[in-house]
K.L.:
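The structure that follows is given in the form of structure tokens.
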Amino acid sequence: MEERRHLPIGLQSFRNVRNRNCVYVDKTRFVWELANDSHPYFLSRPRRFGKSLLVSTMECYFLAEKELFKGLAIEELEQDWVKYPVLKISFGGGYFDTSSTLMEHINLILSNFEKEYEITKESDSPSARFQKILTEIQEKTGKQVVVLIDEYDKPILDAIYTEFEEKNRNILRDFYSPLKDNGESLRFLFITGITKISHVNIFSGLNQLDDISLDEKYSSICGISETELIENFQPEIEALARRQELSVDETKDKLAKMYDGYHFSPYSEGVYNPFCLLKCFQARDFGSYWFESGTPTFLIKTLQNQPLQLQSILNGRKATEKQFKNYDPETKNMFPVIYQSGYLTIKDFEKKDRIYTLGFPNKEIEDGFLESVLEKFVKVPDDDLGLAIDNLRDNMRKNDIDGALSIIQAAIADLPTVIQKNMCENYYESVTHVMFRMTGFDVISELQNQYGRSDVVVQLPDDVYIFELKMDKGRNADEVADEGLRQIDEKGYSDRFAVSGKMLHKIALVFSSDGKGLLKWKY
């Protein structure tokens, strides 16, 4: 029987990874560099990307647990191995959809610190207790304190779009407030989260935080780069290739297509999602592991509470750094959350104008995101959704336009209650696009030419389908459909495909402005 190496799937403790002799991709050089620069740092990375393991590695380093680092880069870099008191604060393990659950967790954290360092509780205020803990630890140990905060934003994302979102922000702002007044007591401060919430809302007074989330130097501090994949996982790649009856090169290509593609800097090497990569090696199968571990609740809440303007995301969204870097709760712009959660990544960068193009990092994320959208916003039951997409695909291949559009008509027969009437045009366009996209065909929305933009274009090996989507706005649906067909011709939406040798199909779809779904189509 083939012997397998131990893979650290789901392990967030550096001690466990090392003591269990698991395969470990060495990130300790980054830990040493950050510790010796000694700024207060912030790092944003998606879930399941190794943030907690990184924080645990820092904890072991500052506790001078030298034996755990044997054979790693930091063993040669560090000469002194000074032990510091470490306060590790994590919100990753709970669910904080109310303020009471958040307060219970904070009180438990503070109680554990007070017990460990024999500090008497003199106040019920979390900030006063935290302040006293920082001061007395330094007095008792004679050393500055290391503070590591993991998943700082989870209590906010858990409560997003509820009355507790703002309450949780205020609780955290109060809890973290001693950090701004105790710079002399701090040896090192490192904060991780999924999204960066504006400092004025959470870390008031900590504007000196060094945000390394888009820093090229630290682009692979979490995740697994292509270089690290080849250096560390050759046995697993070869075993996967044998199981899948592929060559090693074919296996690498499929791994990249499924799990690679994250870029946390315009110029950096792409990195793989480590959780999905390790799960793939364990199962020796190319599964969709990121979404199997659970679609984040805040994503579903976002999709339910915001107009669906997916075409700008699906085709590559252009944005300035400011537009996707920070989430400002006051504006309710969720684009930064969607990016920082890992659904989008940097695909291109126009240096002159400093414009980024953001898109899906890989096939696993694209398929999972689209499925999440459809499961929430179409009438097809979850267990029939795959069958509906299969039938849509087959009908398109057979040029059965009536059959294909009947499937879409049935899926969006009624406007979901979470979508308001003034949002239905975005809803219909987005869900129509997503259903076509799920077929695996090449789909483009808002394809620009010199006269205008075609709504949806679907390309097959031998056919091109050009869809013009119209709202009836109280008019006769037949007349509106005729208007849509004329627009395709008058604005030359099919001209670019005229020399392709493919059959061109022009279709006008008419949707109800009153939320009654797809009323009519003509082709």
Side-chain angles (χ1 to χ4, degrees), residues 1-11 22-25 45-50 53 220 222-263 269-296 299 314 341-345 347 359-375 382-383 385-390 392-394 434-443 461:
M1 185 175 179
E2 184 178 353
E3 184 177 350
R4 295 192 181 206
R5 299 194 297 172
H6 297 295
L7 301 176
I9 298 171
L11 291 184
C22 294
V23 179
Y24 174 70
V25 177
R45 285 294 184 268
R47 68 190 182 97
R48 298 291 195 178
F49 233 89
L53 180 58
S220 63
C222 292
I224 297 172
S225 70
E226 183 73 24
T227 302
E228 290 169 334
L229 173 70
I230 304 306
E231 290 178 351
N232 292 275
F233 295 100
Q234 194 63 31
E236 285 73 24
I237 295 171
E238 292 173 357
L240 177 63
R242 289 193 295 271
R243 173 69 62 85
Q244 296 296 319
E245 298 181 346
L246 299 171
S247 70
V248 169
D249 287 340
E250 288 171 335
T251 302
K252 290 177 183 176
D253 288 341
K254 192 161 185 179
L255 284 170
K257 183 178 181 181
M258 287 294 294
Y259 311 120
D260 193 12
Y262 289 92
H263 292 269
E269 181 182 9
V271 294
Y272 290 77
N273 181 304
F275 176 78
C276 300
L277 194 63
L278 296 178
K279 287 283 287 184
C280 175
F281 288 148
Q282 180 191 52
R284 295 181 180 173
D285 190 26
F286 296 99
S288 296
Y289 302 109
W290 203 57
F291 280 86
E292 284 180 5
S293 66
T295 303
L299 172 63
L314 296 171
S341 302
Y343 300 102
L344 299 175
T345 194
K347 307 294 282 189
F360 294 117
N362 52 52
K363 181 172 174 55
E364 183 196 27
I365 299 304
E366 177 179 353
D367 289 351
F369 185 88
L370 299 182
E371 287 174 6
S372 297
V373 171
L374 285 186
E375 287 172 1
D382 291 356
D383 52 352
L385 184 57
L387 181 62
I389 298 300
D390 287 343
L392 178 61
R393 183 187 303 112
D394 291 342
V434 169
M435 291 193 71
F436 282 130
R437 187 79 169 250
M438 288 296 294
T439 63
F441 299 137
D442 183 13
V443 182

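Position 1 is the first residue of the sequence, and the numbers go up from there.
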K.L.:
Using side-chain heavy atoms (C-beta onward) and a distance below 4.5 Å, is K252 in contact with L229?
P.N.:
no
K.L.:
Going from CE on M438 to CG on L392, what distance comes out if it is rounded to the nearest 0.5 angstrom?
P.N.:
10.5 Å
K.L.:
Carefully, step by step, assess V271 and F49 under the rule side chain to side chain contact (heavy atoms under 4.5 Å, CB included).
P.N.:
CA-CA 10 Å; V271 294; F49 233 89; 4.1 Å; yes
K.L.:
Answer with yes or no whether the side chains of S220 and E269 bring together a donor and an acceptor at under 3.5 Å.
P.N.:
no
K.L.:
Measure the spacing between CZ of F286 and SG of C280 and express it to the nearest 0.5 Å.
P.N.:
5.0 Å
K.L.:
Starting from the C-alpha separation in whole Å, work towards a yes-or-no answer on side chain to side chain contact (heavy atoms under 4.5 Å, CB included) for F436 and I389.
P.N.:
CA-CA 8 Å; F436 282 130; I389 298 300; over 6 Å; no
K.L.:
Please confirm whether the backbone N or O of F275 pairs with a side-chain atom of R48, one donor and one acceptor, at under 3.5 Å?
P.N.:
no
K.L.:
For the atom pair OG1 (T251) and CD (E236), what is the distance rounded to the nearest 0.5 Å?
P.N.:
13.0 Å
K.L.:
Mark yes when over 12 heavy atoms from residues, nucleotides or ligands other than K347 sit less than 6.0 Å from its NZ; otherwise mark no.
P.N.:
yes
K.L.:
Compare all side-chain heavy atoms of V248 with those of I237 and state whether any distance is below 4.5 angstrom.
P.N.:
yes
K.L.:
Compare all side-chain heavy atoms of L255 with those of F281 and state whether any distance is below 4.5 angstrom.
P.N.:
yes
K.L.:
Tell me the closest heavy-atom pair linking D285 and Y259, and the distance in Å.
P.N.:
O-OH, 4.1 Å
K.L.:
Could you give the distance from CZ (F233) to CG (L240), rounded to the nearest 0.5 Å?
P.N.:
12.5 Å
K.L.:
Output the distance between atom NZ (K254) and atom CG (D249), rounded to the nearest 0.5 Å.
P.N.:
15.0 Å
K.L.:
Please check if the side chain of E228 supplies one atom and the backbone of S225 the other of a donor-acceptor pair under 3.5 Å.
P.N.:
yes
K.L.:
Are any of the side-chain heavy atoms of Y24 and N232 separated by less than 4.5 Å?
P.N.:
no
K.L.:
Which atom names give the shortest non-hydrogen contact between D260 and N362, and what distance separates them?
P.N.:
O-ND2, 2.9 Å
K.L.:
Mind checking whether I9 and K279 have side chains closer than 4.5 Å, heavy atoms only?
P.N.:
yes
K.L.:
Side-chain donor-acceptor pair under 3.5 Å between E226 and Y272, yes or no?
P.N.:
yes
K.L.:
Where the side chain of R4 meets the backbone of Q282, is there a donor-acceptor pair that is under 3.5 Å apart?
P.N.:
yes
K.L.:
Would a distance-only check, ignoring hydrogens and angles, find a side-chain to backbone donor-acceptor pair under 3.5 Å from W290 to R47?
P.N.:
yes
K.L.:
Answer yes or no: is there an ion pair linking E366 with R437, defined by an N-O contact shorter than 4.0 Å?
P.N.:
yes
K.L.:
List the atom of M258, the atom of G287, and the distance in Å for their closest heavy-atom pair.
P.N.:
CE-O, 3.8 Å
K.L.:
For the residue pair F360 and Y343, is the inter-centroid distance of their aromatic rings smaller than 6.0 Å?
P.N.:
no
K.L.:
To the closest 0.5 Å, what do you measure between CG (L278) and CD1 (I224)?
P.N.:
5.0 Å
K.L.:
At their closest point, which heavy atom of P46 faces which heavy atom of S341, and how far apart are they?
P.N.:
CB-O, 3.3 Å
K.L.:
Closest heavy-atom contact between G223 and P274?
P.N.:
CA-CD, 3.7 Å
K.L.:
If you take all heavy atoms of H263 and T345, which pair is closest and at what distance?
P.N.:
N-OG1, 2.8 Å
